[in-house]
Structures are given as structure tokens and as C-alpha cells.
Amino acid sequence: MTLIDVVSLASLVACAGFFLAGTVGLLRFPDVYTRLHALTKADNLGLGLMVLGVALQAGSWAVALKLALIWLLVLAASTAVSHLVARAALRAGILPVTEVSLARDASCQPGPP
Amino acid sequence: MTMIALAFDGLLALTLIVLAWRTLASPDLHQAVVLLVAFGLQLSLAWVRLDAPDIALAEAAIGAGITGVLLMGALGQLADSADSAPSTPGPGAAIVPLQDESQRQHGTGPRVLLLLLTLMFAAALGTAVWQVMVSSDGLLPAVQAQMPASGVAHPVTAVLLNFRAYDTLLEMAVLMLALLGVLALSRTANPSWPEPSPVLTALARGLLPLVTLVAAYLLWRGSHAPGGAFQAGAVLAGALVLANLAGAPALPAYGALLRSAVALGLAVFVGVALVAMSLEGALLEYPSAIAGGLILLIEASLTLSIALVLTLLVTGVRAGETS
């Protein structure tokens, strides 16, 4: 395997790791806002690494530039969409989970927190 | 097929089945719509794996794009008109589920019977498709033999707009009928979208020229590669809906100009069919010297009409204009 293949493989494996991290964040974080953080940041970086890995194997500048354009478009769309989701959630009255709200919920409930 | 390709296809098929099950079984309608959009995207991946990129493009644009927006808009209107919404936060939880618990618990016997019948039908269908795939080339040799006479270089476009053009004409008529039905039923004002965020406006301002360019490129590309009128029209409809969401209503009022533009695709198609009948004696029998030009003309007007029809399906028209 040449150096390009090694770099390509490394970025694709890192991409899988970032997507896994984003999905774990989606499943485990407590509220909408922190989940949006995990999804947008980790998934966009993962997609960038995937584009890098695939573009190195592409064999022509045109294909590599098209892949980079796809990544930029996904960046723009997903950041705008995460802002809109957070805005809609705030307007629907969902408050972010903070230490204060966790402590308040813990003290209001009977039994161990 | 290599092991990796087989594993990928198997995982894709499993994902499709699980997504379909979760879409139908989720009590929260908002979640169901999002899962349906995800299902549409996985289905378009499945079409790519089956070597059908035209259908994949159409599925991604229409199934995952326009249908998602339509269903979200319908959910929004349901939420607006729900009298007794529970006070739990979250946009989707305000929708009252369609079934209550008592309906869910009886009827296990008929359900098992239905599951068995569905599995038998699926097995029969799978066996039939397997035998067709293994034993014959289908119509591919016949299409390839007629390609020089068709006027285009891509077999799917040749079939859609030349050999089976009658089907495409009727599809356009069905789209127009759907729009007429929606306009006849929609007596309310424009959907109550919230006033747009500046981020959405900036995104729309940046994306709209690019999306229009992509739609024109898809239209032109249909003559020699996967693309064509339906895909280009759906992408253009996405751009128009985005413009509406960003606060710039992109369509004029529903007057004579908009109505003629909506009817243009079907009118041009029928006009070409009648002219071809007078020249060659059979409906939609294009003179082979100008077949390519005629197909491009039909596809361009179809793109405009499809884009306008899909946009009007999503945005509706203001009450009082449909007379």
C-alpha cells in the first residue's frame, strides 16, 4: 500500500470514530442543545475526514473538488439547520439542562436522586 | 459479489426494514416523519446499489425532500388546530396519537395472520425477481438496438420520453390532477410559518443560485447521463420552497401567468404528440431527425411545470385566488 492509501485509510477510520462519537452523544446527552452540539460538530468533522479519504483515492482534481464542494454545502446546511432547530426548541419552551436545573429536579423528587 | 459488497447490501436492507417498522410503530408523529425522511434517503442508496441512479436522484429529491416538507407542513397545521394539546414540551409531543392503548392491545390473532400472509407474499415476490434476474436480460437488448433512432444517448431518458412517452404524459396529467385536488380543498391561508431567522435568509441567499444551476445541469444532463425532467423539477421545487421558507415568496399570485406556467408542460407534451401524429401518423411518433430537439423541448417545459406543481403543493395558494 502506498502512502496515499495509508493516509486515506487513516482518515476513513478517524471519520468512523467521529461519527460514532456523534451518535453516542445523540443518544446520551441530556437535552436538545447538547445533542445538537454533538451532531453538528462531530458529524461535520467526520464528513470532512471522509471526503479527504475518498478524494485521495479519486484520481482526478475534478472529482476531488466536487467532493470538497459537497462537504462545504453540508457544513453550511447543517449549521443553519442546527441553529433553526435550537431556535424552534427555545420557542417551544424547552430549557437547557444545567447544574441548577439538575439540582432542582433532584431536590424535588422523593427518594435518591 | 465481494464479501464487503454483500455485507453492505445486507446491512442496507436490514436498515430499510427496521426504519420502516419504527416509522409505523412510533407514537410521536413528528418522529415518524423524520424516520420517513431517513427511510427515503436509505431507499435512494438502495437504488444506487441496484445500478439505477436516475431513480435514486428522483427518490432523494422527491421522497426525502418534498414529501418530508409536505408532511412537516401537515403536522404543523394539525398542531395549530388541536384543541386539547397536552402541556409537555416538544413540538411533536403536542400531537395526540391516533390510537389509544385499548385499540392496540386486542387483535393479535389477525395481526399474526397478516404477518404470515405478508411474509409469504414477500417470499413469492423475491423468488420471482430472483428468477428474472438470473435468466434473462429483459428489454435491454431491444432498447439498445433502437437507441440511434431515439435522439438521446441515455437509455433511461429514451425509454421515458420516446419509447414510453405516453406513460410520462399521463404521469404529468396525474400531477396536474393532484394539484387541482389540493387547490380545491385548501381554503385556508398560507401555512403559518414563523418569520424567518437571519441565518435561514443568509443560507437561502447563498444556496438558491447554486440549486438553480444544479437543476438546469440535471435537465441538460438527462440526454446523456442520469438526470432528466423529474429530477430537475424536484430540485427546482426544493429551491422555491426554500425561498418561501426564507421569507421571499418566490411565486407570483395565482393568476393567469402562474396558471399558464403550470399547464405548460402538459400542453407542450400534448402539442408535440398531436404534431407528431399529423406528421408520422401515430401519437408521439417523433420524426427521428428532430427527436432530440423535441425531447429537450418537452423536458424543459416539464421541468418548469413539475417545479411549480410541487411548490404549489407545499405552499398552497391564498384563499380566494382559486376561482
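Values in this document were obtained by computation on a predicted structure and should not be read as measured data. Throughout, a chain's letter reflects where its sequence line sits, starting with A, and its residues are numbered from 1. The basis for the numbers below is simple: all heavy atoms, side chains too, and nothing from hydrogens, waters or symmetry mates.
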- Heavy atoms from other residues, nucleotides or ligands near CG of L27(A) exceed 12 (cutoff 6.0 Å): yes
- Considering residues, nucleotides and ligands other than L24(B), do more than 12 of their heavy atoms fall under 6.0 Å from its CG? yes
- Message: Taking 4.5 Å as the heavy-atom cut-off, does anything in residues 70-85 of chain A contact chain B, and if so which residues?
- Response: L73(A), A76(A), A77(A), A80(A), H83(A), L84(A)
Donor-acceptor pairs under 3.5 Å, side chain of residues 45-63 of chain A to any protein atom, not counting sequence neighbours: which ones?
unit_1 : atom_1 : unit_2 : atom_2 : d
Q57(A) : NE2    : D5(A)  : OD1    : 2.8
Q57(A) : NE2    : S8(A)  : OG     : 3.4
S60(A) : OG     : V63(A) : N      : 3.4

